[in-house]
Amino acid sequence: MSSQKYSFRSFFSSVRLTIALLILIALMSVAGTFIPQQESAHEFMSRLTPQVADLLVWLQVFDIFHSYLFRVLMGLLSLNILVCSFNRIAVTRKLINAPAFPLPQGLLEKMEPDRIILADISQSDARLKLEAFLKKRFGKIRTEEKAGTAYFFGERHRFSYLGVYLVHLSILVIILGALVGSFFGFEGYLNLDEGQSAQTVELRGGKGSKPLGFAVRCDRFLVEFYENGAPKTYRSDLSFIQDGRIAKQGAILVNHPMSFEKIRFYQASYGLSSQSRALLSYTRNGVKEKNIAVSPGAVFELAQSKDTAMVLRVEEDMMGMGPAVKLSIASPRGNVQFWVFEKLEEIKKMNPQLLEQMPLFNPGIFEPYVFNLNGMEEKYRTGIQVVSDPGLPIVITGGFLLLAGLLIVFWLSNRRFWIILDQVKGKTRIRIAGKSNGKQWATEREIDLLLFNIRKEIK
Amino acid sequence: MINLEMTMLALSLLVCTLATAGFLLSLLIKKIELAKVSTWILAIGFLFLTLNLLGAAIHSSGWDNFGSRHFLSIYAWTISGIYLGLQLQTKTRLLGAFISPFILLFLIAAVGQGSDKNLVPPEWQGWLTTFHLVLAIAGEALFVLASAAGAMFMIQNNLIKHKKPGSLGRLLPSLGDLDRINHLGLLWGFPLLTLGMIAGAVYAALVWGSLWPADPKVIWSLAVWIVYGVLLHQRLAIGWKGSRMALLSCVVFALFILSAVVIRFCFSTVHNFI
């Protein structure tokens, strides 16, 4: 039993496991950039045979970052880090509580001659000066006296040993934050016309919808264009309605989201509303009959006949040829469908044979009527991305903890110094030795500095 | 103002070409004096580059309006700055022969016509984006340095092992210095890159509504960051050093280059530099 327990612990405390896990996580993440994920996978899946597609979906290949395998790897990594940290506690305690005296073996024996100061002042005088100087330098020092020799001990950054734990903790915090986000957070979309409100959002990846617990209303949507027709800015004025009252109002723009009840709303896109209306007119035998404004699905009766026209589509930009409306006219003569372009004259200039080649583009195909599209009464709907990620603050905190931990581990090391004061051949002798758990060269430099300053002090 | 910036950039390119030629020649004719002179020439180039970047900073649209020219010249500036800084502490003049070609490449690309375009879309410009970019570039530049030192370490180690110290061996910096540069490069590069990535993540969270935008560059960088983290962990916690460390940092650097190439040619990304 105990050997089994031991092997369990040694398995989870091995650095090889850490490396294997990290490399697997890195590989899976990179694979996620090659395989289309979530919504973008639909098109790819449609090209596969259903069996293969089902298998890949079952393997969660199209949602790697939310897959069980990814979560299991994260869990194993957490366990690995926990066990490693736990195993280290005893060693760390020993390091932190390492006694100042007696001096570590071999430290005095291999001392170089340039680490020794010989001075002509008395030992007691030197001791006073030395003690004052070291106290100023290290804050707290420890002293010991044995057989006429005085030992002083000072150290720096003893708690730097805890930096490792901070790094390990921060990684656990980041993993925790990511898990909290993936279990309790959601990401969805809202498409709102002006004046329309919604209480639920469509979840990303076709995972159904989610009630918000309040209503969002788009009061106004504005879009500005550059001269070349590209959108310059767009914004939505939103009202958040809770218990029948407006609880918050404000505008969202690209890069200027708003949050309400810990849910963030981002201006993501915009599109033509289904309420957009096309301004149509038509002539009968060359005589102007009527102006009408229609939206998709609208049905109207043609003047001086019983025939009815239905608006199938209203397009802001049909195949790059500008605004167009698709009509379907039902009459005893049969059913006719055709497009009405606003810029028909321009299109005809570019392609004079157009109407012969494409009767579908002829607005006068249902004789004796000729239709005209005079413009669009454009109405937009706003596309809002809705995100709730309760893990976000946890991950950000973890990131900063990681940084703090790294700085401690990299730049602080426990440096321990011993200064020994005694007398040889009628002279006062001061020797300095040092030891550190990190960069030895920095310790050596500090010893040199100490030597320089002590020489100055006792002069 | 823009003309002055461009003049400075062109001058630094000229001077760095000279320095690179000097470094390579000193490797060829095996004279350390030439490398010493080249170091000074590089210092002049660094000065011009600094003036260029200062000019861009003063120039109103310079910094927020981050283009690939800035991207590339900050890369060059960081690498040469670190190399020159190291010269104050260690005598590793010949490291310049390995570093300066990188600097030169970045400068050539920066001066090129194609790099005039503005890469950060207007709605993303801001101090956080600049902060993110500069830190990430600095971190990556330090990894370049660490790996260059690793490559030199392997050459020098090989020469010593096969008892062919010869004049090249005497020319190359000592193994201890190279190992230390590798260590310092990782030690500084990693926290800088980490902070840069945190800044990017905070920005993405604020603006895009997702901490992990499914951007290929972000994911690849995270993967490379993890591998560098492993390397550093082995160095600090397990005590790997010397030739094993040198070899591994070259391998990881190859991965790093691979990621840059893959992202450049295989994906569309919001990080569309160069």
Side-chain angles (χ1 to χ4, degrees), chain A residues 15 18-19 21-23 25-34 36-38 40 64-65 84 88 163-164 167 171 177-178 181 185 187 232-233 253-257 259 264-266 268 385-389 391-393 395-396 398-400 402-407 409-411 438-439 441, chain B residues 89 121-126 129 176 180 183-184 186-188 190-195 197-212 214-227 229-238 240 255 258-259 262-263 266-267 269:
Chain A
V15 177
T18 322
I19 296 176
L21 285 172
L22 285 174
I23 288 174
I25 290 170
L27 282 179
M28 271 186 90
S29 312
V30 164
T33 64
F34 283 108
Q37 296 288 301
Q38 299 193 343
S40 35
I64 285 180
F65 299 104
C84 279
R88 261 189 78 94
V164 183
V167 172
I171 295 170
E187 199 180 333
K232 192 175 172 186
T233 56
L253 288 94
V254 173
N255 283 12
H256 294 278
S259 58
R264 290 172 77 84
F265 294 81
Y266 297 85
Q385 192 189 2
V386 184
V387 178
S388 161
D389 189 354
L392 193 80
V395 173
I396 300 277
F400 283 106
L402 175 65
L403 202 65
L406 285 177
L407 290 179
V409 170
F410 291 176
W411 297 108
K439 292 166 287 181
W441 77 78
Chain B
Q89 295 206 348
E123 68 266 23
W124 294 355
Q125 289 167 9
T129 330
R180 205 174 128 191
H183 191 181
L184 279 174
L186 290 179
L187 225 49
W188 277 99
F190 198 70
L192 284 179
L193 189 64
T194 307
L195 189 59
M197 285 170 73
I198 292 174
V202 169
Y203 182 81
L206 288 178
V207 165
W208 295 332
S210 163
L211 198 55
W212 320 111
D215 187 69
K217 170 82 178 176
V218 173
I219 295 165
W220 275 83
S221 304
L222 207 62
V224 171
W225 179 82
I226 288 176
V227 179
V230 170
L231 206 63
L232 205 53
H233 182 269
Q234 296 310 88
R235 172 139 213 161
L236 289 174
I238 316 293
W240 284 9
L255 271 180
L258 176 80
S259 90
V262 165
I263 287 158
C266 298
F267 296 111
T269 158

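Throughout, a chain's letter reflects where its sequence line sits, starting with A, and its residues are numbered from 1. These numbers come from the heavy atoms of this one structure, side chains and all, not from hydrogens, waters or symmetry mates.
Counting all heavy atoms, side chain and backbone alike, I219(B) lies closest to V30(A) at CG2-N, 4.0 Å. Closest non-hydrogen pair, L403(A) versus P191(B), comes out as CD1-O, 3.6 Å. The two residues L187(B) and F410(A) come nearest to each other via the heavy atoms O-CD1, 3.3 Å.
Neither the backbone nor the side chain of F265(A) comes within contact range of chain B, judged by heavy atoms closer than 4.5 Å. For L407(A), the part lying under 4.5 angstrom from a heavy atom of chain B is the side chain only. Within the 4.5 angstrom heavy-atom criterion, atoms from both the backbone and the side chain of L195(B) approach chain A. Residue V386(A) does not touch chain B at all, counting heavy-atom pairs closer than 4.5 Å.
If you take CG on L402(A) and CZ on F190(B), they are separated by 6.5 Å, rounding to the nearest 0.5 Å.
Between V230(B) and the choices I19(A), V15(A), T18(A), the side-chain contact (heavy atoms from CB on, under 4.5 Å) rule is met once, by I19(A).
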